[in-house]
Amino acid sequence: MEKYLEGLNAEQLRASTHLEGPLMIVAGAGSGKTKVLTTRVAHLINNGVDAFNILALTFTNKAAAEMKERVEHILGNSEARNLYIGTFHSIFARILRKEAPLLGYPSNFTIYDTDDAKSVIKGIVNAMQLDDKHYKPSYIYSRISAAKNGLINPAEYKLDRQIQQEDAQSKRPMMGDIYDAYVRQCFKNGAMDFDDLLLKMYLLLTTVPEVLSRYQRRFKYILIDVYQDTNTAQYNIIKLLGAMHENICVVGDDAQSIYSFRGATVQNILQFKDDYDDVTIVKLEQNYRSTLTILNVANNIIGNNKNQIPKELWTSNMEGEKIVLARTATDNDEGRFVADAIKEQQMRNHYANRDFSVLYRTNAQSRAFEESLRRMNIPYKLVGGTSFYQRKEVKDLLGYLRVIVNQQDEENLKRIINYPARGIGKTTQERMQIRAAESGNTFWQVAESGGWGSKVEEFTIMIKSFKILLEQKNAYDIAFLVGKHTGLIQELYNDKTVEGLARYENVQELLNSIKEFTETPDEEGELQDKTLGSYLQQITLLTDADTDANGDADAVRLMTVHAAKGLEFKCVFIVGMEENLFPSAMAMYDREGLEEERRLFYVAVTRAKERLWITFANSRYRFGSLIQNDPSRFLDEIPVDKLDRSHTGPGVRPGGGFNPGGSQGDIFSKPGALKKLPGKTGPTPSGRPAQAPTPRPTGSNTPSGSGSSDGFSMGIASEIAVGMKVEHQKFGIGKVLSLEGGISNRMASIDFGEGAKKIMLNYAKLRIVG
DNA sequence: TGATGCTAACTTTTT
DNA sequence: GTTAGCATCA
């Protein structure tokens with residue numbers, strides 16, 4: 001047996017050595033899926049398959065690069081460079097770059113991110129004289145996106161009775177027309193949005209038989225990772241591409257399907273066995289990642305979902321530590337608790353910073369952790385979130401680059417035509433816009449045609465002179481010259497404010513990243529494409545996980561649970577486990593939404609290898625005001641004997657009495673939570689009392705910050721009585737309607753003029769005025 | 001025409 | 001608490 005097959009378990013071996021025919025690998029969390037995928041690719045190559053004939057679709061570009069590297073390592077040669085490997089979007093973008101002219105697009109088409117797309121939509125809504133409060137660009141975008149992912153074009157959209165009914169019901173009868181106009185505008189701009197990369201790929205394969213057969217012949221072997229997160233468009237493309245050889249291998253775990261909001265349907269993996277004849281199914285059920293305790297908890301949680309492929313995830317790992325459940329008073333205390341716990345663990349158990357990750361449901365939660373980690377001098381890295389590439393100054397420079405590559409791109413043309421200010425004002429632009437609409441020409445053609453004054457003429461000449469450079473210079477050289485000659489860098493340099501400095505640095509960082517791109521040897525081996533067009537193509541398709549550029553940095557990782565998919569950490573903090581937050585208020589009210597939230601929680605739990613903390617706060621700031629949430633209902637699904645509850649407060653029932661009519665979120669009075677599920681790993685007699693790691697409580701009862709210099713102070717709960725007039729720093733003057741709770745957690749209902757607000761007296765900054 | 005300051009809307013999750 | 005977009009002023 002080949003050396004690289006040693007050390008695989010029976011099922012892993014079976015999956016890795018399967019050569020011909022459709023294969024479905026149901027891979028539980030931490031079951032060595034990546035290992036199997038890479039081994040299988042190596043094995044294929046080792047058995048005479050040409051790497052050029054293998055297509056592998058992964059979830060992130062980073063995962064793709066890693067896979068390539070590992071295969072190279074196994075084989076001890078550089079054959080793996082010839083693999084066609086990447087995310088759906090980046091692979092299809094690469095193919096479309098070659099084939100787009102067949103569909104009438106320029107091969108240098110621009111890729112619009114969500115913001116660009118919404119901006120186009122907004123322009124259309126305004127042009128159609130519709131109210132953009134009602135026809136919200138974000139709503140329209142998601143609706144269009146759903147249509148595209150379902151392979152429904154505007155004509156079909158308008159004819160679909162159910163869709164029409166939905167739009168009529170939501171009083172948006174013009175949706176179909178907007179969709180139509182949007183598609184036309186993007187086409188005119190020579191631009192594709194994210195969904196177009198899939199849709200146009202599908203269109204290409206279905207309308208140009210020659211192209212279909214070319215790629216069918218090329219991709220003799222197709223591997224798809226995270227198949228549970230594919231949507232209808234992706235499904236159909238794979239079906240087409242794989243039809244000739246049927247050597248399709250899909251890997252997935254229905255329990256980790258967390259992307260239905262963007263059209264993914266778990267049906268794809270559930271149905272796979274019916275899509276092809278003689279499907280080999282392999283289940284990887286041994287978990288190598290987590291302690292027995294963590295795995296038991298995870299199994300118990302997911303057991304509450306009704307719709308799933310039955311499987312039994314087990315492990316021979318040690319029992320490990322109990323899961324620390326911590327309750328804090330506020331979101332800031334939660335941040336402090338986590339930072340303290342990290343410090344404590346580092347002292348006691350010598351963990352490195354990079355062994356920790358903090359996982360939250362929404363990006364907005366990151367700040368409390370950033371602050372507390374910074375205060376404690378613990379290096380951290382924010383993964384994803386508001387991306388670097390969404391910053392205005394970055395988009396401005398990229399806007400220039402996009403226009404230079406593709407002048408049809410009206411969206412970016414309008415962004416930069418008068419930035420930095422060069423005297424091409426709103427009126428001129430509007431007149432040009434009207435002319436473009438009347439003549440059917442593009443905005444650029446109108447600008448170029450002359451007669452708009454010397455300013456416009458200078459601008460078009462400048463862009464054209466940059467365009468000439470495309471042939472001669474690489475991406476970095478052009479970007480540098482653009483920054484210099486447009487005055488963009490000077491403009492930022494002159495701004496000496498703190499923000500101005502940050503913007504200047506961001507642009508420098510962008511330039512650095514372009515330089516890095518031009519200097520990194522191309523992995524594809526097939527084209528040494530260091531042009532600007534090639535750079536722009538990939539930059540828009542970087543995934544959140546990819547933005548974690550120096551992945552080796554010794555830093556704590558902060559990210560959403562979604563971004564953590566596929567990753568693992570020795571120590572994991574799952575934070576903000578509260579009703580309305582996790583599960584999200586948007587997804588709580590129907591079975592499907594709730595089950596997806598539960599799968600998300602399952603994903604979060606299964607990221608942890610050794611230690612897991614779960615935290616929630618009594619109250620947190622949201623939209624600038626303090627709100628209270630009950631503890632998450634999911635906490636009830638954790639077996640109590642797996643929990644270390646020494647940080648949940650002295651016998652106080654979490655949420656008790658705060659939110660009458662709230663959920664059942666009470667982990668202290670629900671024996672039902674202990675219910676074990678049949679077919680799981682079963683109860684494990686805990687031999688020894690868990691050596692609970694005990695980071696010191698962070699004084700969650702002591703409000704921090706004084707705030708009394710201005711007359712407002714916290715912790716004056718005992719002085720406040722019903723009927724008093726008080727002033728709140730935010731809400732102004734109000735009247736105390738009622739009080740509830742004990743002295744340590746007293747709540748007041750206060751009417752600030754717009755109905756009663758519930759305020760926690762211990763933490764609110766209040767002043768008594770009468 | 002451009003800059004500054006205020007209001008409103010905002011938060012799921014992402015390619 | 002932040003940010004984008006709008007209104008107002010210089």
Side-chain angles (χ1 to χ4, degrees), chain A residues 57-61 86-93 111-119 122 126 132-133 136-138 141-142 145 148-149 192-199 201 226 229-231 233-234 257-264 331-332 359-368 371 383-387 389-392 418-429 455 495 497 499 538-547 559-565 576 580-588 593 596-597 599-601 603-604 620-627 729-730:
Chain A
L57 297 164
T58 57
F59 197 61
T60 64
N61 296 296
T87 63
F88 274 92
H89 287 85
S90 60
I91 291 281
F92 295 165
I111 299 172
Y112 280 167
D113 65 20
T114 309
D115 289 336
D116 300 324
K118 284 182 193 165
S119 168
K122 195 165 181 211
N126 290 339
D132 65 7
K133 293 263 157 51
K136 280 193 195 140
S138 52
Y141 176 78
S142 65
S145 175
K148 286 185 174 179
N149 286 325
M192 296 196 199
D193 63 21
F194 290 136
D195 304 313
D196 282 332
L197 296 174
L198 308 178
L199 187 64
M201 182 72 193
V226 284
D229 286 325
T230 52
N231 61 34
Q234 289 163 326
S257 159
I258 54 173
Y259 279 101
S260 71
F261 68 91
R262 69 175 204 216
D331 44 356
N332 288 326
L359 308 182
Y360 34 77
R361 179 65 181 80
T362 67
N363 281 303
Q365 286 164 257
S366 69
R367 194 158 30 82
E371 276 170 19
V383 179
T386 301
S387 155
Y389 297 98
Q390 279 168 23
R391 291 167 194 275
K392 184 186 178 302
N418 197 34
Y419 181 83
R422 54 173 67 86
I424 306 175
K426 217 163 94 185
T427 356
T428 315
Q429 287 186 45
K455 301 282 165 51
D495 185 350
T497 61
E499 304 88 55
Q538 6 186 298
I539 210 68
T540 323
L541 297 177
L542 288 178
T543 64
D544 261 7
D546 295 323
T547 58
M559 66 189 97
T560 62
V561 181
H562 281 91
K565 173 166 196 166
N580 299 315
L581 190 57
F582 201 167
S584 157
M586 323 284 286
M588 275 169 36
E596 178 145 324
E597 293 290 306
R599 289 194 294 272
L600 197 54
F601 185 37
V603 167
R620 65 175 61 241
Y621 276 96
R622 213 173 182 191
F623 305 124
S625 57
L626 205 59
I627 57 144
Q729 237 177 354
K730 276 259 145 33

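A quick note: this is a predicted structure, and the numbers were derived from the prediction, not measured. Chain letters run A, B, ... following the sequence lines, proteins first and then strands; every chain starts at 1.
- Taking atom CE of residue A/M192 and atom C1' of nucleotide B/dT15, one finds them 15 Å apart after rounding to whole Å.
- Put simply, CG on A/L600 is 12 Å from C1' on B/dT14, counting in whole angstrom units.
- Atom pair A/Y259:OH and B/dT15:C1' shows a separation of 9 Å (rounding to whole Å applied).
- In this entry the distance linking CG of A/D113 with P of B/dT14 reads 14 Å, nearest Å.
- Cation-pi geometry between A/K148 and A/F194 is not met at under 6.0 angstrom from the ring centre and within 45 degrees of the axis.
- Each of A/L542 and A/F623 was matched to the nucleotide of DNA chain B holding its nearest heavy atom; the match closer to the 5' end belongs to A/F623.
- The aromatic ring of A/F261 sits over the base of B/dT13, with ring centres less than 5.5 Å apart and planes inclined by under 30°.
- For the pair A/S366 (side chain) and A/N363 (backbone), a donor-acceptor distance under 3.5 Å is present.
- Between the C1' atoms of C/dC6 and B/dT11, the separation comes to 23 Å (whole Å).
- A donor-acceptor contact shorter than 3.5 Å links the side chain of A/Q234 to the backbone of A/N231.
- Using a 4.0 Å heavy-atom cutoff across all strands shown, A/A585 reaches no nucleic acid atom at all.
- Here B/dT13 presents its P atom at 9 Å from CD of A/Q365, a figure rounded to the nearest Å.
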task = Summarise protein proximity over nucleotides 2-10 of chain C in one line of letters, 5' to 3': B for base, S for sugar-phosphate only, - for none, counting protein heavy atoms closer than 4.0 Å.
result = ---------

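- Taking atom CG of A/D115 as the reference point, atom P of B/dT11 lies 11 Å away to the nearest angstrom.
- When the nucleotides B/dT13, B/dC10, B/dT11 are ranked by their closest atom to the side chain of A/H562, B/dT13 comes out on top.
- Looking only at side-chain heavy atoms (C-beta outward), A/M201 and A/F88 stay at 4.5 Å or farther from each other.
- A/Q365 places a side-chain N or O within donor-acceptor distance of the main-chain N or O of A/T362, the cut-off being under 3.5 Å.
- Closest approach to the A/T427 side chain among B/dT11, B/dT1, B/dT15 is made by B/dT1 (side chain taken as heavy atoms from C-beta onward).
- With B/dT15, B/dG2, B/dT13 as the choices, the nucleotide that has an atom nearest any side-chain atom of A/F194 turns out to be B/dT15.
- The phosphate of B/dT14 (OP1 or OP2) has a side-chain N or O of A/N363 nearer than 4.0 angstrom.
- One finds no side-chain N or O of A/N418 lying less than 4.0 angstrom from the OP1 or OP2 phosphate oxygen of B/dT1.
- Contacts of A/K392 with the nucleic acid, taken as non-hydrogen atoms under 4.0 Å apart, are absent.
- For the pair A/Q538 CD and B/dT15 C1', the interatomic distance rounds to 15 Å; values are reported in whole Å.
- A residue-by-residue look at A/G425 and A/I258 shows that A/G425 has its nearest nucleotide of DNA chain B further toward the 5' end.
- Under the 3.5 Å distance criterion, with hydrogens and angles disregarded, no donor-acceptor pair is assigned to the side chains of A/S145 and A/S142.
- For A/D116 against A/I111, the heavy-atom pair with the smallest separation is OD2-O, 4.2 Å.
- When all heavy atoms of A/A93 and A/L541 are compared, the closest pair comes out as CB-CD1, 3.6 Å.
- Side-chain atoms of A/T560 lie closest to B/dT13 of the nucleotides B/dC10, B/dT13, B/dA9.
- The distance between atom OH of A/Y141 and atom C1' of B/dT13, rounded to the nearest whole Å, is 14 Å.
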